[in-house]
Asker: 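Please find one structure pasted underneath; my questions will follow.
Naming convention: chains lettered A, B, ... in sequence-line order (proteins, then strands); numbering from 1 in each chain.
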Amino acid sequence: MSSLAKTYNPREVEDKWYAYWLEKKFFASKPNPNKEPYTIVIPPPNVTGVLHMGHMLNNTIQDILVRKARMEGKEACWVPGTDHASIATEAKVVQMLKEKGIEKKDITREEFLKYAWEWKEKYGGIILEQLKKLGASCDWDRTRFTMEDALSEQVIKVFVDLYRKGHIYRGARMINWDPQGKTALSDDEVIYKETKSKLYYVKYKVKQENLSGLQHLTGLEEEYLTIATQRPETIMGDTAVCVNPNDERYKHLKGKKIIVPLVNREVPIIFDEYVDMTFGTGALKVTPAHDINDYNLGLKHNLEVIDTLNDDGTLSEAAQVFVGTERFKARKLVAKALEEQGLIVKVEEYTTNIGYSERTDAVVEPKISTQWFVKMTDLTKPALENVMNDNIKLHPSKFKNMYRSWMENVRDWCISRQLWWGHRIPAWYLPDGTLVVAHNAEEALELAKQSTNNSELTINDLVQDEDVLDTWFSSGLWPIAVFDGLLNPDNEDIKYYYPTNDLVTAPEILFFWVARMILFGYEYRQEKPYSNVYLTGIVRDKQGRKMSKSLGNSPDPIELIEKYGADGVRTGMLFSSPAGNDLLFDEKLCEQGRNFTNKIWNAFRLVQGWQVVETDEEDTGNTTAVKWFEARMNDALIHLEEHYANYRISDALMTVYKLVWDDFCSWYLEMIKPEYQGEGKPSLIDKNTYGATISFFENLLKILHPFMPFITEELWHALKERGENECIIVAEYPQPKKQYVAFEKIISEGEIAFDIVRQIREMRNSKGMSPKEEVILYIKTHSKAIYNRFKPIIRKLANLSAISFTSQNMPKSFNFVVKGDEFFIPLKINVAEERARIEKELEYNEGFLESVNKKLGNEKFVQNAKPEIIENERKKKADAEAKIKALKKALEGLR
RNA sequence: GGGUUCAUAGCUCAGCUGGUUCAGAGCACCUGCCUUACAAGCAGGGGGUCCAAGGUUCGAAUCCUUGUGGACCCA
């Protein structure tokens, strides 16, 4: 017997093969005009990142696609790389400096960047190393980084180009300010969460006109207007109070002024239908500097803008009171001060949606600020069209609608970030404040000299914009930039690999990233960046919670790989992850994956213990077994191709899983398994069967390879001596043959045979008989021919001492019916029990026949249904009738 | 509030343009087995009013309407 371990040990093989593939340069790709290119660019993970379960899923899928394409003889190229992730990385570096006792504000930009690069060099490659453990077959020689010189140059070029084409502008706008990260956020980086808050009802004093006597006449002492606000700390920035012109309660206030509490500012009462009369008191305080809607109202009514907050979220000088106090503390202090002045009418509990920074989780502050924007309306047109017409296909397609609604309602994209780590905006300011956009300082100086007619200007007169670009701006260029397609638009790589084929990413960044790549693709290559976008789901825990560090519910992928093997984890991830659906991850899935590798391993152990003998013995059923499996495998290959074509990777895996486990191991190998020859002696098998089996095994390994690269490479070499470049990673992928009649015939014969085997096994089970106890099977049929081929197989699998045909019913025997034929096994039986069993089956079949007859008896059905459907009903009827007849006869035999 | 999307077995999901014995798969569960490849295994089995109510149709898990409940996007 073999010396191989009973269980597969992935640790012994994974690193070995990965190193071998690298050594043989199997992942490397060069443009090859004789081959069709197949390209994927990796969604660049953050340099700060370590591998998480989302990456595992995402990159496993990419690797599957790439490996299959490579085996299909395509020039497969998977470009890896990382993303500089401005906010996240800067936060990490600031944190690191803090631990060293260095504050960011105490060092220069250059010093800071030096630390940042050091940090990047040290930690930035971790995630890529982890991907290697997973088996990712990236062309590592092509690894790129969004902030490396070559890529930065491309980013700057695009910025300047867009600016000069008029697509980029600078403007004062209400932006989302993250006071913790001290940066502006795009709308997409704000997460709205339902938050418990309070609604304060505050009295504002209406200013009385100085008309003498009037006051006395009307008897009015002092009039107050009550407003409701969630943010009392912004009161000091109020520059109006607004009511609805249709609101009867306030009509008399037209033209009056009101006094803002605490700061005693006199502001107008304005009228606008924007105000919801039913909310709060129907009176709205207007703070243009701190609310987007108020800002718009302010624009419309020409209100003063008073910004009462500093960048760090503390109150500014303009607030006059509580200057320097943090905003939430200020809220309490203001409320208290108002209370003391008797101006608080009441306070209500209130639930509202509040925006949080995706990066720092700080409450986002609406703020007026000068930022850089990309004008989106002109650029989005081709990006929308080509997704809607399926030129770029989204998988699953349900995301098309979401994509459209976003693209149709797109707002200008705020691309500046108040950070140091990133691509610094190539804009320079002259002493007089004029702006020059250029590729570098030298060019800027030249332009400045020209525009000012001042040749005396020096580089020291120019001050570069402090801001950097949104990270998505550079990652939007990724599919072009990794091939240097912006600086050398006609280079060989970009011409060969672009457009790429597939992109695998998460739906949550469909807009952040995917849309922007598409938009840039059309702007700079007049071509889509890829043909298919496969959207994976979010990996969640068993309870459906998103995996997160704070919850601590995410397993460490590397530990999982150590525990179950990369192949086991890869398949585990895919067992339950249809495209676009969230994956509820359970470690059990990896266990199932590991068990599968073990199953394959043991199938190999079985086969490798065999020895070929020359034999003249007549066919033992092996010929049938081989033909049957050949047909089954072909069938599976056809389905497999369909699944791949539709990006149903999970279904593709399941097809292979069942083919290997059920058809190959449970049926085929059991059919051909030779007799045990005794301790230490190899089992003997005929040459044809052995050869066919090895070839089946090879094909199975090939179709398994994209899912389980390591074990398949190991067994590929264990199965046969191979040359040093004859690896499964580059072996030819099996193609299905055109399905022909012989295949269908043997599969249906096999189905009957298996039915018989199952019936006999069930009989043994229900009667508590040992599988070792041999029995005799009698078949009563009109068409003996259909059993000819499978007779020896049925005998072997059901452990029968003999199979005979009979023309008579056999009384006192166990009997069953398959497809209208009767089967008898002489046994001591309980007649009543058997009758009951058969009567139950008869009842079901009669009911079924009745429903079929009803259908066929319905004139409208016969008139309207398609011919093949009617034909099918007739066949069902005939089958049911034959079965009923046989069951009735069986009952007669049991009298 | 507007939009998109989903609801099928205990769990995760298939089920394509209505029609195969259509009610499925995997896992889980139950029963019996350490049967010389595999107990990380083998053999067998039981699970569902296809969210609800209407409608279209000869025929509905599938199409339409309404409702309920969830998810996501946008405000």
Asker: Any N or O donor-acceptor pair linking the side chain of A/R761 to the base of B/A43 at under 3.5 Å?
Answerer: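 Absent.
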Asker: In whole angstrom, what separates A/R764's CZ from B/A43's P?
Answerer: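 A/R764 atom CZ is separated from B/A43 atom P by 14 Å.
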Asker: What side-chain donor-acceptor pairs closer than 3.5 Å can you find for residues 858-867 of chain A, not counting sequence neighbours?
Answerer:
from, atom 1, to, atom 2, distance (Å)
A/N858, OD1, A/K860, N, 2.9
A/N858, OD1, A/F861, N, 3.4
A/N864, ND2, A/K860, O, 3.0

Asker: Just the table, please: protein N/O against nucleotides 23-32 of chain B N/O, every pair under 3.5 Å.
Answerer:
from, atom 1, to, atom 2, distance (Å)
B/A25, O2', A/K658, NZ, 3.3
B/G26, O2', A/Q592, NE2, 3.1
B/C27, OP1, A/Y657, OH, 3.4

Asker: Does any donor atom in the side chain of A/N765 or A/E762 lie under 3.5 Å from an acceptor atom in the other side chain?
Answerer: no
Asker: What is the nucleic acid contact for A/E871, judged by heavy atoms within less than 4.0 Å: base, sugar-phosphate only, or nothing?
Answerer: nothing
Asker: Anything under 3.5 Å between a donor and an acceptor, one on a side chain of residues 588-599 of chain A, the other on a protein residue two or more places apart or in another chain? List them.
Answerer:
from, atom 1, to, atom 2, distance (Å)
A/Q592, NE2, A/Y657, OH, 3.3
A/T597, OG1, A/R594, O, 2.5
A/N598, OD1, A/Y8, N, 2.9

Asker: What pairs with A/E641 under salt bridge (Lys or Arg N to Asp or Glu O under 4.0 Å), at least two apart in sequence or on another chain?
Answerer: A/K68
Asker: Can you list the residues that meet the ring-ring contact (aromatic ring centres under 6.0 Å, His included) rule with A/W610, with sequence neighbours excluded?
Answerer: none
Asker: Mind listing the residues from residues 853-862 of chain A sitting with a heavy atom below 4.0 Å of RNA chain B? Number order is fine.
Answerer: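 Per residue number, the list reads A/N858, A/K860, A/F861.
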Asker: Name all residues meeting the salt bridge (Lys or Arg N to Asp or Glu O under 4.0 Å) criterion together with A/K400; count only those two or more places apart in sequence or in a different chain, and write none if there are none.
Answerer: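 Result, salt bridge (Lys or Arg N to Asp or Glu O under 4.0 Å) vs A/K400: A/D390.
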Asker: Sequence neighbours left out, what passes ring-ring contact (aromatic ring centres under 6.0 Å, His included) with A/Y644? Give chain and number order.
Answerer: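 None.
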Asker: Is there a donor in the side chain of A/D686 and an acceptor in the side chain of A/N622, or the other way round, less than 3.5 Å apart?
Answerer: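 A donor-acceptor contact under 3.5 Å links the two side chains.
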Asker: In whole angstrom, give the distance that lies between atom CG of A/N864 and atom C1' of B/U56.
Answerer: 14 Å
Asker: My understanding is that only residues two or more places apart in sequence, or in another chain, count here; which of them pass side-chain contact (heavy atoms from CB on, under 4.5 Å) with A/E846?
Answerer: A/L842, A/I884, A/K888
Asker: Rounded to whole angstrom, note down the P distance from B/A14 over to B/A40.
Answerer: 31 Å
Asker: Between B/G46 and B/G32, how far is it from one C1' atom to the other, in whole Å?
Answerer: 15 Å
Asker: In this structure, how many angstroms lie between the P atom of B/U5 and the CG atom of A/L394, rounded?
Answerer: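 Checked: the CG to P distance equals 13 Å.
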Asker: Which residues satisfy the ring-ring contact (aromatic ring centres under 6.0 Å, His included) test with A/Y668, sequence neighbours excluded?
Answerer: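 With neighbours one apart ignored, the set is A/F629, A/F664, A/F696.
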Asker: If we ignore angles and hydrogens, is there a donor and acceptor under 3.5 Å between the side chains of A/K877 and A/N853?
Answerer: yes
Asker: Taking only the P atom of each, what is the distance from B/G10 to B/U49 in whole angstrom?
Answerer: 8 Å
Asker: Could you tell me how far apart A/F596 (CZ) and B/A40 (P) are, to the nearest whole angstrom?
Answerer: 18 Å
Asker: Report the stems of RNA chain B as range-with-range entries sorted by first number; a stem here is at least three consecutive pairs, Watson-Crick or G-U wobble, both distances under 3.5 Å, and write none if there are none.
Answerer: B:1-7 with B:68-74, B:10-13 with B:24-27, B:29-33 with B:41-45, B:51-55 with B:63-67
Asker: B/C11 P sits how many Å from A/L584 CG, rounded?
Answerer: 12 Å
Asker: For A/W661, which contact category applies under a 4.0 Å heavy-atom criterion: base, sugar-phosphate, or nothing?
Answerer: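 It contacts sugar-phosphate atoms only.
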Asker: Please report the closest heavy-atom contact between A/T60 and A/L574, naming both atoms and the distance.
Answerer: CG2-CD1, 4.1 Å
Asker: What nucleotide, of B/A39, B/A37, B/C73, holds the atom closest to the side chain of A/K6?
Answerer: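 Output: B/A39.
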Asker: Rounding to an integer number of angstrom, what distance separates B/C50 and B/A7 when you compare their C1' atoms?
Answerer: 10 Å
Asker: B/U35 P sits how many Å from A/K673 NZ, rounded?
Answerer: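 Atom-to-atom, A/K673 to B/U35, this comes out as 12 Å.
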Asker: Between A/R570 and A/A566 (side chain of the first, backbone of the second, donor and acceptor by atom type, cut-off under 3.5 Å), is there such a pair?
Answerer: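 Flag not set: sc A/R570 to bb A/A566 has no pair under 3.5 Å.
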Asker: Ring centroid separation for A/F373 and A/W413, is it under 6.0 angstrom?
Answerer: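 Ring centres of A/W413 and A/F373 not closer than 6.0 Å.
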Asker: Taking the P atom of each, how far is B/G18 from B/U65, in whole Å?
Answerer: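 These two P atoms come out 15 Å apart once rounded.
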Asker: Any protein N or O atoms within reach of nucleotides 47-49 of chain B? Criterion: under 3.5 Å, listing atom names and distances.
Answerer:
none

